[in-house]
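Order of appearance sets the numbers: ligands from 1, and atoms from 1 within every ligand. Heavy atoms only: backbone and side chains are in, while hydrogens, waters and symmetry mates are out. Residues: numbered from 1 along the sequence shown.
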Amino acid sequence: MLAPALRLCILADMFALSRFRHSLLMLLPLLFVLAGCQEDQEHSPAPPALDSLAQIRAAGELVILTRNTPSTYFQERNDAAGFEYDLAMAFARQLGVSLRVETADTIEQLYLQMLINQQPLLAAAGLTADPARQPDVLYSQSYLQVLPQVIYHSKAARPRRPEDLIGKRILVLKDSVHATLLKQLQQQHPELSFDTSDTVESVDLLRMVDEGQIDITLVNSNELAMHQVYFPHIQLAFSLEPALDLQWALRQPRKRSDTSLLDAVNSFLQQSREQGLIDALVERYYGHLDVMGYIGANAFAKHLQQRMPQYESLFRKHAQEFGLDWRFLAAVGYQESHWDPQARSKTGVRGLMMLTQRTADELGVQDRLDPTQSIRGGAKYLAQMLERLPDSIAYPERYWFALAAYNIGLGHLEDARRLTAQAGLDPDSWIDVRSILPRLSQKQWYSQTRYGFARGGEPVHFVNNIRRYYDILSWSTLPASEDSILGGLHTPAIKD
Ligand code: BLG
């Protein structure tokens, strides 16, 4: 129920510092193209064929061809998400057209579909340039560099160099750059053997290492960064050089001089790097380790496997009872106690949802250590906060305000909103209030407030963490249709 708008809000927050603005400059090439068309029309009776970019504008839609994988494009809650999807959406917005997504099952099929398609489209699927496909495919400039990485099970001896992989059960994606790299290694180490599969995705390969079904796999560093939080036993053995350039690809236009689409793509990607969009997407999708640290990511992965299954049905039941998204409620539970019903804070607050004694009394919770009562109480309190916030705070930011109120109480939050307004900022904007909240612990500021001192930095971390956990919990439902955290991480069959 946190709906598409919520995801946009997350991105909007991330772009706060380097907001991605429509630039007049970017429209200039189009104006020239249109002016050119106009001129041609005046001098020749037959209208000239539109160039690729003009065709996209005329159609009113940009079509991208991608793969349905967590590091490219996937369903998040009720919306589409993914690094490639978000980047392509920004490009479509800049062109002033809508975005349509087509998917291919394998890398091979993706190239095939791109080459047979008549209309101009972009392949945006974490691709690396493959010279063997030239001259029909054009690649954009690089938008991200990633390293191919060798992954092993943390309980096994750590392989440190290619020869350590001899005799291991190795599985990688068919037609992938990783299969090519292994083939190259085989030339120096003929004893090295490996299998490939086109019925799995990188996330499946990582899970298979985690469960000990295979010893080794190779994925790109961005994929490992995204998935380390789901699998407690996967570990980086070593990276292979050189780094790979991820690029968008398009079919060579029939008229070879037509570089309109490639030029537009290249200047868009350049601008995206310079203005921080790429960094924001990297932070959102691949930033778990940076934010949570390796220990934090590893603990999350363990708790997801070991604790979550016991509480999932309670989160679902009571989230539904109070009209919340269960993954949102579960994310609060993780932030509060790491899903430990016996948890206790330094200040004596207790239980899975960390209710204070006073709040528990108000909610009618008799035993804070009972997970059912704690989760139900937490859900009820969150719903109350959502209800009681001023009407002027719109969804989806209302969720972040409700979380802050859960953590420091409505009174202190109101104080922070008043200080925000006094500072000339917007008291209904989470980014603005977030920047002011820490003032509640500085005398100069809290002395002017109604409710006085509060540890205003705490709700800032609290909300940031929960938003990340919420994303991670939502993404882990991939790729299965069954809406369950662990159900999503299913074992696909290996094709022989
Ligand atoms: C919250 C209460 C609010 C209360 C505030 O404290 O607890 N929320 C819940 O019990 C769910 O009701 O607001 S008030 O009623 O308006 O006063 C302020 O007192 C809990 C917080 C406190 C916090 N955890 C849920 O987020 C906590 O334990 N902080 C201490 C952390 S540490 O141990 O010192 O690191």
Taking atom types as modelled, find out whether E211 and Q213 have a side-chain donor-acceptor pair closer than 3.5 angstrom. yes
For atom 3 (C) of ligand 1, which protein heavy atom lies nearest, and how many Å away is it? Y381 OH, 3.4 Å
For L355, the atoms of ligand 1 under 4.0 Å from one of its heavy atoms are 10 (O), 11 (C)
Under 3.5 Å side-chain donor-acceptor pair for Q357 and D361: yes
Numbered atoms of ligand 1 (with element) below 4.0 Å of V349, judged on heavy atoms: 28 (O)
Relative to the ring of H303, is the ring of Y334 parallel (under 30°), tilted (30 to 60°) or perpendicular (over 60°)? tilted
Closest protein heavy atom to atom 18 (C) of ligand 1, given as residue, atom name and distance to 0.1 Å: I408 O, 3.4 Å
Heavy-atom protein neighbour under 4.0 angstrom from atom 29 (N) of ligand 1: yes
Of E76, H288, H227, which meets side chain to side chain donor-acceptor pair (under 3.5 Å) against W475? E76
Compute whether any side-chain donor of one residue and acceptor of the other, for E223 and S202, lie under 3.5 angstrom apart. yes
Show the atoms of ligand 1 that are less than 4.0 angstrom away from any heavy atom in F462. 26 (O)
In this structure, atom 23 (C) of ligand 1 is nearest to the protein heavy atom E458 OE2, 3.5 Å
Donor-acceptor side-chain pairing of Q335 and N407 below 3.5 angstrom: no
Measure up the F300 and Y469 rings against each other and bin them: parallel (under 30°), tilted (30 to 60°), perpendicular (over 60°). parallel
Using a 4.0 Å heavy-atom threshold (strictly under), name the region of M353 that reaches ligand 1: side chain, backbone, both or neither. neither
Do me a favour and list the nearest non-hydrogen protein atom to atom 33 (O) of ligand 1 with residue, atom name and distance? K346 N, 2.7 Å
Please determine which of I170, I151, L171 meets the side-chain contact (heavy atoms from CB on, under 4.5 Å) test together with L205. L171
Between R358 and ligand 1, which part of the residue brings a heavy atom under 4.0 Å of the ligand: side chain, backbone, both or neither? side chain
Identity and separation of the nearest protein heavy atom to atom 8 (N) of ligand 1: Y406 O, 2.8 Å
For atom 20 (C) of ligand 1, the closest protein heavy atom turns out to be M354 O, 3.4 Å
Among non-hydrogen protein atoms, atom 25 (C) of ligand 1 lies closest to E336 OE2, 2.8 Å
With a cutoff of 4.0 Å, is R455 in contact with ligand 1, counting heavy atoms of the residue only? yes
Answer with yes or no whether the side chains of D428 and S392 bring together a donor and an acceptor at under 3.5 Å. yes
Looking only at protein heavy atoms, what sits closest to atom 22 (C) of ligand 1 is N407 O, 3.8 Å
Nearest heavy-atom pair of Q149 and S239: which atoms, and what distance? NE2-OG, 3.1 Å
